[in-house]
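Have a look at the structure below before the remarks.
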Amino acid sequence: MNYNREIDKKWQKVWEKTGIFDVDTNDTSKPKYYCLVMFPYPSSELHAGHARNYVIGDAVARYKMMQGYNVLTPIGWDAFGLPAENQAIKHKVHPQDWTFKNIRKIKEQLNSWGIGYDWKREIATCSPGYYKWTQWLFLKLHQKGFAYRKEALVNWCPECKTVLANEQVIAGVCERCSTPVTQKKLRQWFFKITDYAEKLLNDLELLKEWPERVKIMQQNWIGKSEGVEIKFPLVCSNLAINCFTTRVDTIFGATFLALSWDYPLISQIINDAPNRIEIEGFIEKVKNQPQSSRILDNFPKEGIFTNKFAINPVTGEKIPIWIANYILTGYGTEAIMCVPASDKRDFEFAKKYNLPITQVIQSKEQRAKAHRHIGTKKQRAEGTCLPARQGGQRIENSEEVYDGEGILINSREFNGLDSSEAKEKIADYMEKEGIGKRAVNYKLRDWLISRQRYWGAPIPIIYCEVCGEVPVSESDLPVLLPQTVEFLPTGQSPLAYIEEFIKAPCPKCGRSAKRETDTCDTFVDSSWYYLRYISPGKEEAAFVSEDVNKWLPVDQYIGGVEHAILHLMYSRFINKFLYDEGLVNFNEPFRRLFTQGMITKDGAKMSKSKGNVVAPDYIIDKYGADTMRLYILFMGPPQKDAEWQDEGLSGCWRFIQRALRLLDLLKEHKEQGPREQLNGKEKELLKKIHFTIREVTRDLEGNFQFNTAISRIMELVNQIYKNLNEGYLRKEIFQNSIETVFLLLAPFTPHISEEVYEGLGRTSSVFNRAWPKFNEEFLKESETEIAVLVNGRIKDRMMVNVNWSKEEIEQMALSLDKVKRLLQANPPKKIIYVDKRIVNIVI
RNA sequence: GCCGAGGUGGCGGAAUUGGCAUACGCGUCGGUCUCAAAAACCGAUGAUCGAAAGAUCAUGCGGGUUCAACUCCCGCCCUCGGCACCA
């Protein structure tokens with residue numbers, strides 16, 4: 001049999017006609033399995049790099065089908081988003097036309113690769129039937145106070161006059177025109193994901209079957225830090241500045257305070273400053289400093305003295321208050337206590353502006369040095385010779401700054417404590433004295449979801465002069481996106497120029513009011529799509545709780561690691577919100593996650609601009625879908641990046657042809673008369689068959705080790721050929737081996753597997769057959785090979801009976817010629833025997 | 001800077017978790033078939049020395065533990081990814 005494109009087409013038609021991927025979600029006769037691939041963003045046709053995701057998903061789905069699960073594999077389109085709108089601006093095509101053109105093309109590709117989906121469940125986030133429910137979700141969040149508006153700093157491109165998403169800011173410049181991006185304060189919509197910071201962090205522990213690296217990335221992104229918020233009263237004022245610190249043990253070394261340019265009390269503080277104009281100039285300068293330069297390593301620290309002082313609450317000292325460019329906005333209290341002896345940044349700043357430096361922490365090494373001449377030897381060894389204060393060490397350059405933990409000095413009654421102990425004691429002291437209180441901070445910020453863009457779900461809010469911000473009533477959803485708009489980069493949503501869209505009656509009082517013209521970030525669309533697949537056409541609700549509770553959490557989620565943080569965190573957040581609302585009964589949406597590696601070509605990610613794209617359609621025409629699928633799965637461990645090589649592809653092609661030829665050989669195969677006993681070769685093949693079943697199943701049940709699974713099947717095929725070449729093979733065993741090969745291959749190469757099964761006279765689909773089971777009986781052996789090592793080096797091998805004792809085996813090893821020669825007359829020092837593996841003789 | 005992943009033949013990559021390093025595939029070489037070529041099939045293939053038997057060296061580098069280390073421990077180097085002035 002020869003593999004060709006006709007075989008692909010034939011079986012794709014059959015699958016479509018018989019609907020093997022159509023799922024009855026009410027069918028409870030089989031256990032459910034929800035296999036989900038991250039839905040594509042339809043920005044162009046798919047290349048071989050994209051294919052990996054879908055090929056893996058399909059292999060898993062088909063494997064689970066054969067395992068007897070009721071498998072749900074849906075697909076849809078993450079169809080809103082910026083690229084579509086940029087196309088509109090550049091080429092004057094409507095985002096919708098462009099998007100649906102791409103969808104048609106991708107759909108065709110997926111079908112031609114034999115990727116099976118339940119197409120009846122197809123969704124597109126840009127269709128009103130879907131985004132109606134995205135808007136509904138917004139309203140739910142709004143109702144509970146989780147969607148709110150506030151002034152916020154956003155990325156702004158002065159050239160394009162538009163707000164940019166973080167992803168559009170490449171190394172500090174606009175991705176389109178390379179102008180440095182500045183920050184601008186605008187009123188924006190946010191989702192209060194920070195309220196879930198603790199849950200999102202803690203529940204990572206529940207995700208036992210997620211890759212560790214993804215969990216660590218999320219953990220870092222949430223960035224929890226525990227510390228103390230300390231109150232620094234201002235001199236001659238009733239104001240106070242709160243500073244968050246994780247290093248309260250260094251408080252005695254806090255010699256100045258630094259505020260961000262955006263610190264809330266700043267105008268009050270500088271109100272009567274003699275150099276107020278100068279300060280305001282500085283603030284303006286920092287505010288406009290492009291982000292690109294802040295990314296640079298040695299961005300110079302700059303600041304300005306406010307002419308005000310605060311009191312260090314533990315030392316009672318008067319310390320100056322500065323405004324500095326290295327204090328982040330939006331984190332902590334935007335004010336920090338500076339301990340130049342224990343922080344490189346504070347040190348650099350203090351050196352530059354001649355601010356005092358007091359050492360309060362000594363490292364072990366510094367301590368050993370300092371104590372060389374103090375106390376008795378014993379005291380030094382025990383560390384009980386408490387030093388006087390002595391100002392510690394003189395610190396000259398930032399290399400000498402010690403920012404680790406150590407022993408406290410110059411810290412009054414806390415001297416001699418070690419940092420971790422001191423942290424607790426000082427925090428206790430502060431809480432008792434009312435100077436400060438323990439606090440927790442997160443790096444995670446609230447999720448900015450509004451975009452001044454057209455191609456997204458309109459935010460369902462109406463602004464009324466009388467009633468203020470009023471949510472659109474649920475019965476008026478969806479707020480439809482108007483079709484005819486002008487696409488211009490003005491900094492406002494194109495919707496802001498459409499009178500008919502903007503004008504709307506206030507849902508509360510009926511007066512003429514204005515619609516919100518911003519649209520939702522596309523991550524909002526994708527944060528709940530996995531729920532929609534269960535009842536995709538439902539008109540009365542986003543989803544039916546009873547049904548999603550049955551089908552979720554998703555059993556296997558498959559996608560690229562680039563979504564490790566954003567999409568996967570947002571989805572978890574939304575799911576937790578719905579859980580708290582009682583709308584779903586599962587805490588986490590994705591039980592098991594698999595992140596596949598990237599396929600590269602010439603060492604780089606495939607992209608049109610680099611010209612290194614491998615076009616799958618061409619490959620399929622030449623070699624067929626199964627060849628491409630097999631190669632993609634065989635090229636390396638799926639979670640790791642892999643380099644595309646055309647030679648590897650032809651290797652898979654050869655293998656498929658070689659395997660298919662077995663079917664022809666079987667047809668010509670002649671029995672040479674009946675014979676009771678199996679010969680040794682036949683037994684060997686049977687053993688190999690069952691061994692392969694066991695190993696392939698193990699590889700798939702593990703972490704989807706398709707590459708090794710396939711190499712096992714290749715070995716089996718090699719073994720079959722060996723048996724054919726080396727002598728008599730009864731037809732029954734021959735046929736059994738072929739069946740096994742193609743059953744095991746079926747998840748990877750479904751087309752040829754079906755074809756072979758038909759060729760063997762079977763009438764029903766391979767995917768209605770059970771995954772093969774191995775029989776322990778065939779794996780049992782009477783003899784096994786053991787390696788004989790002398791001093792850890794392999795010298796010989798021998799066959800032994802598995803029932804032999806350790807002593808018998810050791811004696812046999814010692815009797816080998818090669819061993820005797822090496823031993824000569826000397827008796828071995830030691831013999832180590834590892835069961836059924838090796839004998840190591842030490843001489 | 002911090003966190004994570006990784007470094008194995010000419011190449012992609014295996015190695016049951018401490019037990020025969022280099023499975024499987026690619027490439028290369030030789031053979032069979034053929035007028036010839038392609039395809040296919042059979043065989044060889046880590047490096048060095050050797051006619052051979054065999055020996056020595058090999059899993060980024062340097063140490064260590066062990067009868068035995070790609071695997072464990074200590075110290076480095078390099079590549080890739082994430083975060084990055086987070087107090």
Side-chain angles (χ1 to χ4, degrees), chain A residues 211-221 223-225 227 243-247 250 254 258 260 294-299 301 324-328 330-339 342-346 348-349 403 441-445 561-562 564-565 597-598 600 603 630-631 634-637 639-652 654-655 657-658 661 694-695 698 705 707-715 717-718 721-722 725 785-797 818 828-843:
Chain A
E212 210 50 44
R213 63 170 167 165
V214 171
K215 288 195 276 185
I216 289 169
M217 275 158 96
Q218 291 209 358
Q219 191 181 317
N220 292 340
W221 187 263
K224 181 180 183 173
S225 46
C243 297
F244 173 76
T245 181
T246 53
R247 290 299 304 272
T250 65
S260 85
R294 295 172 100 241
I295 292 167
L296 293 175
D297 249 355
N298 33 18
F299 184 65
K301 307 228 176 323
N325 65 348
Y326 70 100
I327 312 306
L328 293 173
Y331 181 75
T333 61
E334 303 196 354
I336 63 165
M337 65 174 216
C338 298
V339 186
S342 293
D343 185 291
K344 294 203 159 100
R345 297 156 301 180
D346 296 346
E348 187 189 328
F349 195 81
D403 56 12
N441 258 295
Y442 300 92
K443 287 186 200 172
L444 184 71
R445 312 286 158 91
V561 73
E562 66 273 18
I565 297 170
M598 207 170 50
T600 57
L630 191 71
Y631 175 56
F634 181 63
M635 64 194 301
Q639 71 279 8
K640 275 170 64 178
D641 290 353
E643 169 74 13
W644 181 279
Q645 288 177 327
D646 289 336
E647 295 80 19
L649 187 77
S650 51
C652 288
R654 263 200 293 268
F655 167 71
Q657 295 289 42
R658 184 170 145 85
R661 207 171 313 118
R694 189 182 77 188
E695 293 304 305
R698 224 178 240 175
Q705 294 145 66
N707 55 330
T708 47
I710 291 165
S711 71
R712 293 291 187 198
I713 303 171
M714 287 172 167
E715 282 179 59
V717 170
N718 290 345
Y721 272 101
K722 216 168 172 188
N725 289 337
E785 195 186 61
I786 282 191
V788 180
L789 284 66
V790 174
N791 282 342
R793 288 174 165 268
I794 175 125
K795 293 296 168 191
D796 208 351
R797 289 168 230 274
K818 286 182 184 169
K829 265 195 202 153
K830 202 174 173 184
I831 302 177
I832 291 114
Y833 172 62
V834 181
D835 191 39
K836 288 178 192 143
R837 255 170 241 259
I838 56 162
V839 178
N840 188 13
I841 299 159
V842 187
I843 57 175

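Only heavy atoms go into these numbers, but all of them, side chains included; no hydrogens, no water, no symmetry mates. Per chain, numbering begins at 1; letters A, B, ... match sequence-line order.
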Look at the side chain of A/K344 and the base of B/C85, then say whether one donor and one acceptor between them are separated by less than 3.5 Å. no

Send over the distance from A/R793 CZ to B/G54 P, rounded to a whole Å. 14 Å

Could you tell me whether the phosphate oxygens of B/A87, OP1 or OP2, come under 4.0 Å of any side-chain nitrogen or oxygen in A/S225? yes

How is A/N725 classified with respect to the nucleic acid when contacts are heavy atoms under 4.0 Å: base, sugar-phosphate, or nothing? sugar-phosphate

Pick the closest RNA chain B nucleotide for A/I794 and for A/N791 by heavy atoms, then say which residue is nearer the 5' end. A/I794

Does B/C3 have OP1 or OP2 sitting under 4.0 Å from an N or O in the side chain of A/K443? no

Check this one for me: any side-chain N or O of A/Y721 less than 4.0 Å away from OP1 or OP2 of B/C41? no

Are A/R661 and B/C41 close enough that a side-chain N or O sits under 4.0 Å from OP1 or OP2? yes

Quick one: is the NZ or CZ of A/K301 closer than 6.0 Å to the six-membered ring centre of A/Y326, and within 45° of its axis? yes

Neighbours of RNA chain B within residues 211-219 of chain A, by heavy-atom distance under 4.0 Å: A/R213, A/I216, A/M217

Looking at every strand, decide which applies to A/Y442 at a 4.0 Å heavy-atom threshold: base, sugar-phosphate, or nothing. nothing

Where along nucleotides 6-11 of chain B does protein come under 4.0 Å, by heavy atom, of base (B) or sugar-phosphate alone (S), with - for untouched nucleotides? -----S

Base-pairing string, 5' to 3', of RNA chain B - Watson-Crick or wobble, under 3.5 Å, | interstrand: (((((((..(((......[....)))((((((.......))))))((((....))))..(((((..]....))))))))))))....

From the options B/A55, B/C67, B/G54, select the nucleotide whose nearest atom is closest to the side chain of A/K818. B/G54

Classify the nucleic acid contact of A/R445 as base, sugar-phosphate or nothing, counting any heavy atom under 4.0 Å across all strands shown. base

Side chain of A/L328, heavy atoms from C-beta onward: which of B/G12, B/A14, B/C85 has the nearest atom to it? B/C85

Let's see if you can work this out: which of B/A14, B/A21, B/A87 has an atom nearest to the side-chain heavy atoms of A/I327? B/A87

Could you state the CD1-C1' distance from A/I832 to B/G19, rounded to the nearest angstrom? 10 Å

What nucleotide among B/C67, B/G19, B/A87 has an atom nearest to a side-chain atom of A/K830? B/C67

Roughly how many Å is it from CZ in A/R247 to P in B/C85, rounded to a whole number? 20 Å

Between A/N707 and B/C24, does any side-chain N or O lie under 4.0 Å from OP1 or OP2? no

For the side chain of A/Y326, starting at C-beta, report the closest nucleotide among B/C85, B/G25, B/C41. B/C85

Base of B/U16, side chain of A/R837 - is there a donor-acceptor contact under 3.5 Å? yes

Within the structure shown, what part of the strands sits under 4.0 Å from A/G223 by heavy-atom distance: base, sugar-phosphate, or nothing? nothing

For B/U66, does either OP1 or OP2 sit under 4.0 Å from a side-chain N or O belonging to A/N840? no

Residue A/T708, side-chain atoms from C-beta onward, closest of B/A15, B/C83, B/A21: B/A15

The answer to which of A/T245 and A/F634 contacts RNA chain B further toward the 5' end, by nearest nucleotide, is A/F634

State, with a plain yes or no, whether a side-chain heavy atom of A/F244 is found less than 4.5 Å away from one of A/S225. yes

Below the 4.0 Å mark, does B/A38 have OP1 or OP2 next to a side-chain nitrogen or oxygen of A/R654? no

By the 4.0 Å heavy-atom rule, please label A/D641 as base, sugar-phosphate, or nothing. sugar-phosphate

Whole angstroms only, please: what is the CD1-C1' distance between A/I838 and B/U66? 12 Å

